[in-house]
Amino acid sequence: MEQILKNAIQQAVKHLYNKEIDTNILQVQRTKKEFQGDFTIVVFPLLKISAKKPQETAHEIGTFIANIIPEIKNFNVIGGFLNICLSQNFWSNFLQKTYRNENYGTTEKNLNSKTIVIEFSSPNTNKPLHLGHLRNNFLGDAIAKILDCTGNNVIKVNLVNDRGIHICKSMLAWKKWANNKIPTDNNIKGDHFVGNYYVAFDKEYKKQVDHLIAQTNMDIEVAKKNAPIILEAQEMLQKWENNDPETYNLWKTMNKWVLEGFEKTYYQLGIIFDKTYYESETYMTGKELVINALQNNMLEKSPDGAIFIDLKDQQLDQKILLRADGTSVYITQDLGTAVIRYNDFNFDSHIYVVGNEQDYHFQVLKIILQKFGYNWAKNLQHFSYGMVELPEGKMKSREGKVVDADDLIDEMIQTATQKTAELGKLENMEDQKKQLTIKMIAMAALKYFILKVDPKKNMIFNPEESIDFNGNTGPFIQYANTRIKSILRNAKEKNIEYKNNLNIDFDINNKEINLLSAIYEFPNILEEAAKKYSPAIIANYIYELVKEFNQFYHEYSILNEENPDYRNFRLILIEIISRIIEKSLFLLGIQAPDKM
RNA sequence: GGUCACGUAGCUCAGCUGGAUAGAGCAACUGCCUUCUAAGCAGUAGGUCGUGGGUUCGACUCCCGCCGCGACUACCA
């Protein structure tokens with residue numbers, strides 16, 4: 001419709017003012033709620049051409065296009081704004097067409113569909129997941145779903161950071177202080193069990209650094225490099241990379257504990273990957289890449305033996321790619337992983353869902369791969385999202401200052417259980433189904449809370465304030481849908497059938513037009529969300545739609561509408577709304593209960 | 001020091017490529033359940049959009065300076 005209007009305006013301008021214009025300069029937008037109309041044309045940009053007052057120009061154009069577009073019922077002019085009202089006929093046709101299309105809004109895949117690899121989650125196997133990881137997982141999963149429904153072949157991959165100095169830290173701490181205890185001894189989830197040793201390592205490390213400074217007056221940076229425990233960890237990493245059997249076995253055992261823990265958390269989150277990569281299996285490729293590049297004179301070697309690349313020509317610094325002791329750093333494995341993935345999937349683009357604290361890392365990664373001659377590296381994209389912060393600042397795993405993911409999920413389920421009991425609406429539900437419903441509600445509250453925020457922005461989470469279940473929340477959206485489901489159930493019970501051949505002999509009210517207009521927007525919303533990688537756009541859209549629906553629901557009855565044609569119209573309308581709600585929630589990774 | 005983000009109501013956030021009187025939710029206060037589910041609806045109160053300039057018919061939105069907060073600038077990840 002926008003395009004039809006734009007073309008008509010183009011014609012109008014030609015006819016009225018004898019000027020050719022590009023439709024790109026035209027502004028057609030949805031009319032704001034306070035004004036009467038469906039679409040609004042902003043005439044200010046046309047004033048230079050018409051050389052007339054805004055009102056006059058708007059009237060002339062309005063009259064002209066109302067004549068050539070039969071769907072226009074009438075128009076009004078306020079200031080420089082030309083508001084177009086469409087006829088009932090337009091809307092009822094739109095409604096019926098939409099009702100017929102089960103996949104309204106989604107783009108079908110075809111031979112030209114792009115293959116997109118999306119990496120998210122990427123946990124370290126030395127500590128449990130926290131709220132920051134939740135944002136990562138929710139964003140990654142939602143973006144994957146959004147890209148999938150907008151016509152792309154999406155491959156969700158995880159990269160488990162299961163090797164490196166940080167892993168050795170928790171291994172070393174366990175070796176020193178655990179007395180061979182294992183998670184089941186204390187009935188602790190494996191990832192939490194290992195995480196405790198990571199924290200313990202850091203505590204001891206700090207102690208030793210302070211001690212060194214006090215004893216020898218050492219500079220803090222020097223002390224950090226010389227604390228006995230860090231030297232021991234470095235030694236352990238060398239042993240690991242040299243396949244020392246004892247180290248390797250300990251590593252294997254502890255990783256298993258952590259991964260078993262993660263599996264439970266992923267299950268709770270409802271997140272599944274198409275493929276999981278392990279750093280321990282990809283870092284060697286990275287190492288080989290670096291060594292080859294060195295032989296081809298693309299890299300330099302420092303006197304102590306570390307291999308680095310000089311990126312001065314890119315206004316960047318030198319970047320170490322292999323340590324002096326020959327072990328790999330973080331970027332080494334990422335180089336290898338990228339190459340392996342390109343060989344695996346031959347992707348058109350690759351998205352890394354990783355926090356904005358790693359902007360520099362990915363900038364460097366991309367440049368290095370391009371320098372190595374991989375042309376496809378230009379299609380690597382860092383989807384850089386904002387951090388989740390606590391009121392007192394950044395979360396720090398090492399210091400135990402985190403909102404633990406498992407704890408938070410448990411808390412949400414508890415709250416949902418309590419609220420559900422208070423409201424007493426699920427008392428007749430079978431227990432197992434009730435538990436599932438409660439979990440759906442709890443996870444909706446959590447996921448929506450995180451996804452409704454613009455991904456690019458940092459967000460603050462205050463653990464003192466619990467996550468809401470009222471207002472602009474996941475449960476609010478779910479609730480509106482259960483209202484619709486309930487009406488549709490009642491209609492069935494009363495044997496009210498509704499058909500798709502509408503007979504419009506009544507006047508559609510304003511609320512209904514608003515709803516139709518919101519439904520009309522849905523495909524654009526999906527496209528924009530896909531373009532910007534922003535689930536928040538969908539969350540905010542669905543909230544607006546649901547608010548509009550609730551007002552409609554409050555003001556008008558559907559089943560008690562006496563005119564059967566009108567009742568028919570409303571039933572179709574709300575069924576489409578329910579479809580859109582469910583599809584939107586699905587894209588956010590949220591399930592929709594049928595009763596709550 | 002350098003690079004990059006961000007700064008909208010007490011709190012958490014919307015505000016599309018510049019467009020009509022800056023919007024929600026939470027918290028506070030007031031109404032509405034013999035009527036399709038009140039996890040709802042309606043209303044009151046709350047703002048010099050960090051600040052000073054510039055571009056424009058028009059700036060929360062674009063450009064520059066300043067202030068504030070943060071991230072990065074590791075042979076950590």
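Chain naming here is simple, since letters A, B, ... match the order of the sequence lines and numbering starts at 1 in each.
- For the pair A/Glu281 and A/Arg163, the salt-bridge criterion is not met [side-chain N within less than 4.0 Å of a carboxylate O].
- Closest heavy-atom contact between A/Ser397 and A/Val199: O-CG2, 3.6 Å.
- Counting non-hydrogen atoms under 4.0 angstrom, A/Asp454 reaches the backbone sugars and phosphates but no base.
- Every side-chain hydrogen bond (donor to acceptor under 3.5 Å, both in side chains) that A/Arg30 has, sequence neighbours left out, goes to A/Ser517.
- Residues passing the side-chain hydrogen bond (donor to acceptor under 3.5 Å, both in side chains) test with A/Ser584, sequence neighbours excluded: none.
- Within the nucleic acid shown, A/Ile441 comes within 4.0 Å of at least one base atom, counting heavy atoms only.
- Atom pair A/Phe552:CZ and B/U35:C1' shows a separation of 15 Å (rounding to whole Å applied).
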For residues 299-307 of chain A, run the donor-acceptor check on the side chains, cut-off 3.5 Å, and write out each pair with its distance to 0.1 Å, sequence neighbours left out.
{"residue": "A/Ser302", "atom": "OG", "partner": "A/Asp304", "partner atom": "OD1", "Å": "2.5"}
{"residue": "A/Ser302", "atom": "OG", "partner": "A/Ala306", "partner atom": "N", "Å": "3.3"}
{"residue": "A/Ser302", "atom": "OG", "partner": "A/Ala306", "partner atom": "O", "Å": "3.3"}
{"residue": "A/Asp304", "atom": "OD1", "partner": "A/Ala306", "partner atom": "N", "Å": "3.2"}

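- What separates CG of A/Leu46 from C1' of B/C57 is a distance of 13 Å, to the nearest Å.
- For A/Phe362, the ring pair (Phe, Tyr, Trp, His ring centres under 6.0 Å) criterion is met by A/Tyr352, A/His382, not counting sequence neighbours.
- If you take atom P in B/A9 and the same atom in B/G47, they sit 10 Å apart, rounded to whole Å.
- Within 4.0 Å of A/Ile165, counting heavy atoms only, lie sugar-phosphate atoms of the nucleic acid but no base atom.
- Atom name P, nucleotides B/C69 and B/C26: the rounded distance is 32 Å, in whole Å.
- Under the 4.0 Å criterion applied to side-chain N and carboxylate O atoms, A/Glu392 and A/Lys401 are not assigned as salt-bridge partners.
- Atom-to-atom, CE of A/Met596 to P of B/U37 comes out at 14 Å; the value is rounded to the nearest Å.
- Listed pair A/Asn550 / B/A38 fails the phosphate criterion, with no side-chain N or O lying under 4.0 Å from OP1 or OP2.
- Nucleotides B/U3 and B/G43 are separated by 50 Å at their P atoms, to the nearest Å.
- Spacing of P atoms, B/C49 relative to B/G31, comes out at 34 Å, to the nearest Å.
- Rounded to an integer number of Å, the gap from NZ of A/Lys48 to C1' of B/G58 is 12 Å.
- Helical stems involving RNA chain B, defined as 3 or more consecutive Watson-Crick or G-U pairs under 3.5 Å, span B:1-4 with B:70-73, B:10-13 with B:23-26, B:28-32 with B:40-44, B:50-54 with B:62-66.
- Scored by the salt bridge (charged side-chain N to carboxylate O under 4.0 Å, His left out) test, A/Asp191 finds A/Lys189 as partners (sequence neighbours excluded).
- Using C1' as the reference atom, B/C60 and B/A20 are 15 Å apart when rounded to the nearest Å.
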Q.
Base contacts versus sugar-phosphate-only contacts with protein, heavy atoms under 4.0 Å: please encode nucleotides 28-34 of chain B as B, S and - from 5' to 3'.
A. -------
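- Across the protein-nucleic acid pair, A/Arg570 atom CZ and B/C36 atom C1' stand 12 Å apart, rounded to whole Å.
- If you check every strand for non-hydrogen atoms under 4.0 Å, A/Phe549 touches nothing.
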Q.
Between A/His166 and A/Tyr198, does the ring pair (Phe, Tyr, Trp, His ring centres under 6.0 Å) criterion hold? Intermediate values first, please.
A. CA-CA 8 Å; A/His166 57 302; A/Tyr198 185 63; 7.4 Å; no
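- Between A/Phe362 atom CZ and B/A77 atom P there is a gap of 13 Å when expressed in whole angstrom units.
- No contact: A/Thr327 has no heavy atom under 4.0 Å from any strand.
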Enumerate all atom pairs, one protein N or O and one N or O from nucleotides 67-72 of chain B, separated by less than 3.5 Å.
{"residue": "B/C72", "atom": "OP1", "partner": "A/Lys394", "partner atom": "NZ", "Å": "3.4"}

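- The side chain of A/Tyr553 contributes an N or O atom lying less than 4.0 Å from OP1 or OP2 of B/A38.
- Looking only at atom types and distance, the side chain of A/Ser557 has no donor-acceptor partner in the side chain of A/Glu561 under 3.5 Å away.
- Considering only the side chain of A/Thr482, B/U37 comes nearest among B/U37, B/C13, B/C16.
- Taking only side-chain atoms of A/Asp304, from C-beta outward, the nucleotide of B/C75, B/U73, B/C11 with the closest atom is B/C75.
- Comparing B/C63 with B/A5, their P atoms sit 10 Å apart, to the nearest whole Å.
- The ring pair (Phe, Tyr, Trp, His ring centres under 6.0 Å) test applied to A/Phe476 returns A/Tyr543, not counting sequence neighbours.
- If you measure from atom CD1 of A/Ile320 to atom P of B/U73, you get 14 Å, rounded to the nearest angstrom.
- Shown here are the ring pair (Phe, Tyr, Trp, His ring centres under 6.0 Å) partners of A/Tyr479, two or more places apart in sequence or in another chain: there are none.
- Annotated as anti: B/C64, whose O4'-C1'-N torsion sits more than 90° from 0.
- Nearest nucleotide to the A/Tyr479 side chain, out of B/U37, B/U73, B/A14: B/U37.
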Q.
Pair A/Tyr385, A/Tyr533 - check ring pair (Phe, Tyr, Trp, His ring centres under 6.0 Å), show working.
A. CA-CA 10 Å; A/Tyr385 66 89; A/Tyr533 302 147; over 10 Å; no
Q: Take nucleotides 17-26 of chain B nucleotide by nucleotide from the 5' end and write B, S or -, depending on whether a protein heavy atom sits under 4.0 Å from the base, only from the sugar-phosphate, or from neither.
A: --BBB--SSS
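- Listed candidates were B/C13, B/A42, B/C75. Nearest to the side chain of A/Val329 is B/C75.
- Spacing between B/G46 and B/G7 at atom P, rounded to whole Å, works out to 25 Å.
- Residue A/Asp594 is in base contact, counting any heavy-atom pair closer than 4.0 Å across all strands shown.
- Taking only side-chain nitrogens and oxygens, A/Lys319 never comes nearer than 4.0 Å to OP1 or OP2 of B/U73.
- Ring pair A/Trp240/A/Tyr283 is tilted by interplanar angle, where 30° to 60° counts as tilted.
- Checked against ring pair (Phe, Tyr, Trp, His ring centres under 6.0 Å), A/Phe39 has the following partners two or more places apart in sequence or in another chain: A/Tyr520.
- Note: CZ (A/Phe461) to P (B/C11) measures 18 Å, nearest angstrom.
- The pair A/Arg570-A/Glu512 meets the salt-bridge criterion, with a side-chain N (NZ, NE, NH1 or NH2) lying under 4.0 Å from an Asp/Glu carboxylate O.
- When the nearest nucleotides of RNA chain B are assigned to A/Asn161 and A/Phe469 by heavy-atom distance, the more 5′-ward of the two goes with A/Phe469.
- Nucleotides B/U51 and B/C57 have their C1' atoms positioned 26 Å apart, rounded to a whole Å.
- Along RNA chain B, the nucleotide closest to A/Lys595 and the one closest to A/Lys456 are compared, and the more 5′ of them pairs with A/Lys456.
- A donor atom on one side chain and an acceptor atom on the other are found under 3.5 Å apart for A/Asn472 and A/Tyr448.
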